[in-house]
Student: 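Here it is, the structure, as structure tokens.
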Amino acid sequence: MTPSELSAYFFLQLALIIATCRVIGYAVRRWLGQPQVVGEMIAGVVLGPSLFGYVLPDMQAAIFPAETRNVLFVCAQLGVGLYMFLVGLGFRSDHFRAQMGSAAAVSFTGMAVPFLVAVVLAPMLQRVPGLFAADVNQFQATLFLGACIAITAFPMLARIIDERGLTATRLGSLTLSAGAIDDAAAWTVLAIVLASFGDGPGVAIKAILGGAAFAGFMLIYGRRLLAPLGRIAERDGKVTHSMLAVVFVLFMMAAFAMDFIGIHAVLGGFILGICMPRGILATDVQRQLEPIVMVLLIPMFFAYSGLNTQLTVVNNAELLAIAFGILAASILAKGVACYAAARLTGQDNATAMAIGALMNARGMMELIIINIGLQRGIIGPALFSMLVIMAIVTTFMASPLFDLVYGRRHKSAPVTDAPGPVP
């Protein structure tokens, strides 16, 4: 295609993607009480070969020809990278100072049990042709599947807690702390898998050492080096266009660094977001970026995921049984483990069940991981589609299950330094 043809296709695709995401997002929010992001995840699948391409294959192929996929992919990477940057900006380290013992227990158990399940599942899945790539060894398959089962949709978890007025309670503090630890551990495991999945040990060493060096440098020195940006924003009372340009340059360089060493751009965005000064700088950058990222860029990520989701390949009894088994094992491993850990650390039954329900949501974080896995050739289209189903179902069930087991016990027990269970 010529550049002008690519441009024309891009604008048509983007119009359809945004409209579909908003319509389906509104429908699930209005009639099912689900967050907008759940509808957008479903919209991505609707636009792909699983529905649009199945019902109107010629029209779907005409609107989304293969030659345009690379443009959509790059825009999707920009969107998901900026999204993770915003997640990092919203990351609150003070959550770790409250209920740290319980949070660590819930997080560790919620990671350990899914990885034990992955130890059992991965060898069985590798025996089914096409689920994992042929050159993926059992160790890599186990780590990748474990990360997929263990990941938590931290941004969605934070949104549910905030909407119910529970952010300053022990429940909110405990769940947010455990979710943050979970995701950090899952991304670390994913980085190890990506580092080991390269052209020889030199690539793995470069990725592991480079990623550790970048993260260590940013976490130790990043806030100090970035502090002048915060002071300038406080002095001006806002983030100017010039300041926003500086933030964009920093983001692009962080994303480039992670991509260059062989990990992934999203990790660079997330680490930079954590290290950015809080106050006016973080608040104003979020205010300016969030509408563009959430309304314009993230729908392209969901669409790109949906174009790679072929539910029709899960078309026989064996694959259907595998898909159901992965879904059931994921829900039980994560939910039961987090519930049990919360109970053993002194939480009451309703609170422990609420924690299990929230920690089970995987949402967009799952889609990011499995898209990376598909892009890097770790998993095939069939396993990708199964994990998309798992991501949507576990995300869809989080809010209603939380309300069912915990009710509307808003604004209970604010966080204090005193230990004790959530009332």
Side-chain angles (χ1 to χ4, degrees), residues 34-35 38 87 90-92 94-117 146 149-186 328-363 365-366 390-391 393-416 418-423:
Q34 293 285 339
V38 175
V87 171
F91 185 85
R92 290 179 54 182
D94 59 323
H95 287 308
F96 289 100
R97 293 191 292 269
Q99 300 290 305
M100 187 58 190
S102 293
V106 170
S107 178
F108 175 79
T109 309
M111 291 288 294
V113 175
F115 274 94
L116 289 175
V117 170
I149 298 174
I151 197 76
T152 292
F154 180 77
M156 181 181 172
L157 182 154
R159 180 177 298 182
I160 293 173
I161 290 174
D162 180 65
E163 286 176 352
R164 285 152 177 77
L166 297 169
T167 302
T169 66
R170 288 198 184 107
L171 169 64
S173 177
L174 171 57
T175 310
L176 289 171
S177 296
I181 296 170
D182 252 26
D183 281 6
S330 300
I331 292 172
L332 291 174
K334 188 71 176 181
V336 173
C338 292
Y339 165 81
R343 288 291 285 158
L344 289 173
T345 53
Q347 312 306 324
D348 64 71
N349 190 58
T351 298
M353 287 194 292
I355 291 169
L358 291 174
M359 295 290 286
N360 224 332
R362 291 168 178 85
M365 307 299 278
E366 177 81 7
M390 186 260 280
V393 172
T394 57
T395 306
F396 193 89
M397 64 188 283
S399 290
L401 188 57
F402 175 83
D403 289 334
L404 177 66
V405 300
Y406 195 73
R408 295 280 177 174
R409 298 164 60 178
H410 295 341
K411 302 193 181 296
S412 60
V415 175
T416 67
V422 180

Student: Rounded to the nearest 0.5 Å, what's the gap from CD1 on I331 to CD1 on I149? Could you check?
Tutor: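 Interatomic distance, I331 CD1 to I149 CD1, rounded to 0.5 Å: 11.0 Å.
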Student: Minimum heavy-atom separation for A333 and V113, please, with both atom names.
Tutor: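 That closest heavy-atom pairing would be O-CG1, 3.6 Å.
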Student: Would you find a donor on one side and an acceptor on the other, under 3.5 Å apart, between the side chain of T345 and the backbone of A342?
Tutor: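 Side chain of T345 to backbone of A342: a pair is present.
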Student: Which pair of non-hydrogen atoms, one from V106 and one from A341, has the smallest distance, and what is that distance?
Tutor: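 Shortest heavy-atom separation between V106 and A341 comes out as CA-CB, 3.7 Å.
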Student: I'd like to know if the side chain of Q347 and the backbone of A352 have a donor-acceptor N/O pair within less than 3.5 Å.
Tutor: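 No; zero donor-acceptor contacts below 3.5 Å.
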Student: Work out which heavy atom in A150 is nearest to a heavy atom in M111; give both atom names and the distance.
Tutor: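 Of all heavy-atom pairs spanning A150 and M111, the closest is CB-SD, 3.5 Å.
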Student: Determine whether a donor-acceptor pair (N or O, by modelled atom type, separation under 3.5 Å) exists between the side chain of K334 and the backbone of N360.
Tutor: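 The answer is no, because no donor-acceptor pair under 3.5 Å joins these two groups.
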Student: Enter the distance from L401:CG to F396:CZ here, rounded to the nearest 0.5 Å.
Tutor: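 Between L401 CG and F396 CZ, I get 12.5 Å after rounding to 0.5 Å.
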Student: What salt bridge (charged side-chain N to carboxylate O under 4.0 Å, His left out) pairs are there with at least one residue in residues 393-402, not counting sequence neighbours?
Tutor: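 Every candidate salt bridge (charged side-chain N to carboxylate O under 4.0 Å, His left out) pair involving residues 393-402 fails, so no pair, neighbours aside, qualifies.
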Student: Has T152 got a side-chain atom pairing as donor or acceptor with M359's backbone, closer than 3.5 angstrom?
Tutor: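 Between the backbone of M359 and the side chain of T152 there is a qualifying donor-acceptor contact (under 3.5 Å).
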Student: Drop me the distance from L404's CG to S399's OG, to the nearest 0.5 angstrom.
Tutor: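 L404 CG to S399 OG: 12.5 Å, rounded to 0.5 Å.
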Student: Ignoring hydrogens, what is the shortest heavy-atom contact between S330 and R362? Give both atom names and the distance.
Tutor: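 Minimum heavy-atom contact is O-NH2, 3.0 Å.
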Student: For T395, give me all partners under side-chain hydrogen bond (donor to acceptor under 3.5 Å, both in side chains), at least two apart in sequence or on another chain.
Tutor: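 Residues passing side-chain hydrogen bond (donor to acceptor under 3.5 Å, both in side chains) with T395: none at all.
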Student: Please report the interatomic distance OG1(T394) to CD1(I151), rounded to the nearest 0.5 Å.
Tutor: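 It comes to 11.0 Å.
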Student: Give me the atom names and distance for the closest heavy-atom approach of N349 to R343.
Tutor: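 What the structure gives for the nearest pair is N-NH1, 3.1 Å.
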Student: Roughly how far apart are T175 OG1 and I355 CD1, rounded to 0.5 Å?
Tutor: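 CD1 of I355 is found 4.5 Å from OG1 of T175.
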Student: Could you tell me which residues satisfy ring-ring contact (aromatic ring centres under 6.0 Å, His included) with F402, sequence neighbours excluded, listed by chain and number?
Tutor: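 ring-ring contact (aromatic ring centres under 6.0 Å, His included) list for F402, sorted by chain: Y406.
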